[in-house]
Amino acid sequence: MLSLDCAICGVAASRTCNRCRMVRYCDGEHQKEHWPSHKRKCKPFREVQDEQLGRYLVATHDIEAKQIIFVEEPLVVGPKWYKSEAEKSSVVVPCVGCYTPCRLGKHLCHSCRWPVCSAMCQHESLECSILSLGPGPAARSDTRGLHDYYREDALLVLKCLLLQRQHPERWSALLEMQSHEEERKGTELHQEAEKRIVNYLHQKFLHRLKQATKQSKESRLIAEYDPELLHRLCGIVETNYMVIELPTGVELSGLFRQACMMEHACQPNCYFTFDAATQQIAVRAGCNLKKGDHLKITYTNILWGTQLRQHHLKMTKHFVCRCSRCLDPTEYGSYVSAMACLGDVNKTCVGRQLPVNPLDEETQWKCDTCPMVVEAGYVTELQTHMTAEVDKLMSGKPSANEVELLLARLSLMLHPNHFHMFNLKHTLIQLYGHEEGLQMSQLGAGQLERKLRLCEDLYNVCRRLDPHSIKLAIYLTVILMEIVHTLEEQSRRQSKEALKLLDLAHTRLQEAQEVLDKEQDSVAGKKLHDKLQKEFFELEKLVLIHNHRYQKQELEL
Ligand SMILES: C[S@@+](CC[C@H](N)C(=O)[O-])C[C@H]1O[C@@H](n2cnc3c(N)ncnc32)[C@H](O)[C@@H]1O
């Protein structure tokens with residue numbers, strides 16, 4: 001990730017700049033020589049604190065897009081904080097030692113009996129001693145029962161707790177992180193944490209530790225572990241965890257002293273990558289940053305509408321986001337929360353029903369063209385109903401026809417760019433051209449046109465929400481590749497326009513390559529990168545075939 005060589009002479013070097021720890025030198029002379037140019041890039045940010053944001057990071061120099069702003073080691077890395085429904089019932093779980101996916105029940109650590117990838121894989125000994133105190137899963141547990149015993153979220157909290165003894169300085173840094181302890185009390189999250197984590201850790205492991213304490217040397221394994229402290233740790237994890245991905249595609253949670261200080265915005269300007277080998281996170285500028293800019297990442301899904309993002313941030317991170325997107329009823333002209341005018345069933349008004357004050361859950365929604373006003377409750381009811389319909393369809397493997405039917409129904413209520421419509425359309429562009437009976441060569445001209453139009457609409461939404469493709473690189477690449485497939489198919493059918501269409505396709509592929517640059521370390525990014533290379537090859541082949549045909553026709557004339 002970072003060069004291991006001297007920044008001046010290029011030989012392998014071990015001395016690092018002790019301010020940013022990102023550049024190496026073979027000796028002090030070369031370090032001095034490099035300083036005049038390095039000082040503009042060395043630790044180009046500072047920590048600031050205010051009442052609204054708490055601690056946050058601000059650029060102290062201009063920073064170029066893609067430049068590494070800082071790298072750091074984690075305070076804690078551990079399993080995923082939230083598992084998907086599929087993961088909760090999967091027979092494959094991450095190894096407790098190295099997180100390699102392994103079959104439940106195949107190999108168990110011979111001390112603590114938690115799942116490991118092989119009998120040889122060892123995990124951290126203090127953690128293993130605590131887990132060894134547990135009773136193990138109930139005999140003849142089914143998969144759900146095993147998952148219920150091997151609770152990975154609780155393991156993450158245990159890993160935090162163990163820092164007390166293993167890394168006191170990291171423990172202090174962890175306790176400085178925001179936990180929102182007070183706001184959490186009485187919430188569903190608090191109750192869930194009480195059940196899933198605090199009681200579980202106490203009943204299965206920690207009360208045995210207490211008993212053992214009285215008798216033996218086990219006494220000093222952990223200094224403090226009362227329920228209040230465990231709740232505080234749950235709050236710290238919930239507020240600060242970052243999702244990091246291993247090369248196997250396994251997602252983990254990481255807590256980082258500095259990276260976790262970056263504030264949230266619904267249009268971020270930074271992104272990060274995790275290097276499993278060095279265990280370091282690298283935070284980079286997602287676009288050119290100016291001195292004074294805040295370093296911002298996104299804590300929620302930027303494809304959701306404002307009400308849903310606000311709700312998620314309020315429930316999990318306990319703040320109201322007041323970024324420029326949240327304050328704008330049109331969300332930078334993307335209209336991803338907008339309804340179609342709800343004024344009349346005959347649809348004579350083509351206006352958009354928008355929240356008057358997007359930050360107010362009780363706000364009225366006004367049509368931007370006619371006088372129609374509706375109350376928040378009505379919009380919420382409609383949205384809930386539509387969310388259920390979309391979730392139901394998407395939980396199966398819908399056909400293009402089924403998606404078209406739901407789109408047609410929802411279009412009576414929703415703006416064409418509403419996030420439900422976006423989701424359905426993004427599915428649809430991947431069905432046209434790929435579904436059985438709807439392969440590219442089988443699509444009619446109208447269907448090709450429709451696919452292209454859908455792709456262009458989706459492209460425009462992505463560009464408005466995330467102009468530098470910091471969060472939507474994968475979505476955008478898929479869209480661009482489907483545009484390319486469509487243009488290629490059109491070129492096969494229109495020999496006169498073929499070269500022009502193939503040229504357009506080439507431009508789109510180049511754009512996809514540029515967009516994908518930020519995802520070069522992710523599993524999905526690597527897969528798409530390989531696909532892109534094949535697409536370039538296919539496109540070149542099409543151009544050659546076309547030129548060959550063209551020359552033949554010329555000769556025949
Ligand atoms: C990951 S922490 C960021 C570091 C934190 N500010 C601190 O002092 O430790 C997330 C918390 O920071 C605050 N925060 C982050 N972004 C914010 C924003 N855009 N507006 C208001 N508060 C924000 C919220 O309290 C949130 O729960």
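Both backbone and side-chain heavy atoms feed into the values below; hydrogens, waters and symmetry mates do not. Just follow the structure's listing: the first ligand is 1, and inside any ligand the first atom is 1.
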Do any pairs count as a salt bridge (Lys or Arg N to Asp or Glu O under 4.0 Å) and have a residue in residues 246-257, sequence neighbours left out, and if so which ones? Glu47-Arg257, Lys80-Glu251
Residues lining ligand 1 [heavy-atom distance under 4.0 Å, listed by chain and residue number]: Gln52, Leu53, Gly54, Arg55, Gln178, His180, Thr239, Asn240, Cys260, Met261, Glu263, His264, Tyr299, Lys317, Phe319
Kindly write out the residues that satisfy side-chain contact (heavy atoms from CB on, under 4.5 Å) with Ser84, not counting sequence neighbours, or none if the list is empty. Ala86, Glu87
Hey, is the main chain of Leu476 close enough, under 3.5 Å, to the side chain of Arg463 for a donor-acceptor pair? no
Does Met421 form a side chain to side chain contact (heavy atoms under 4.5 Å, CB included) with Val336? I'd like the steps, not just the answer. CA-CA 9 Å; Met421 303 289 272; Val336 288; over 6 Å; no
Is it true that His529 and Gln520 share a donor-acceptor pair across their side chains at a distance under 3.5 Å? no
Show me the side-chain donor-acceptor pairs of residues 352-361 shorter than 3.5 Å, one per line, residues at least two apart or across chains.
unit_1: Arg352; atom_1: NE; unit_2: Asp368; atom_2: OD2; d: 2.9
unit_1: Arg352; atom_1: NH2; unit_2: Asp368; atom_2: OD2; d: 3.3
unit_1: Gln353; atom_1: OE1; unit_2: Leu342; atom_2: N; d: 2.9
unit_1: Gln353; atom_1: NE2; unit_2: Trp365; atom_2: O; d: 3.0
unit_1: Gln353; atom_1: NE2; unit_2: Met372; atom_2: O; d: 3.1
unit_1: Asn357; atom_1: OD1; unit_2: Leu359; atom_2: N; d: 3.0
unit_1: Asp360; atom_1: OD1; unit_2: Glu362; atom_2: N; d: 2.8
unit_1: Glu361; atom_1: OE2; unit_2: Lys314; atom_2: NZ; d: 3.2

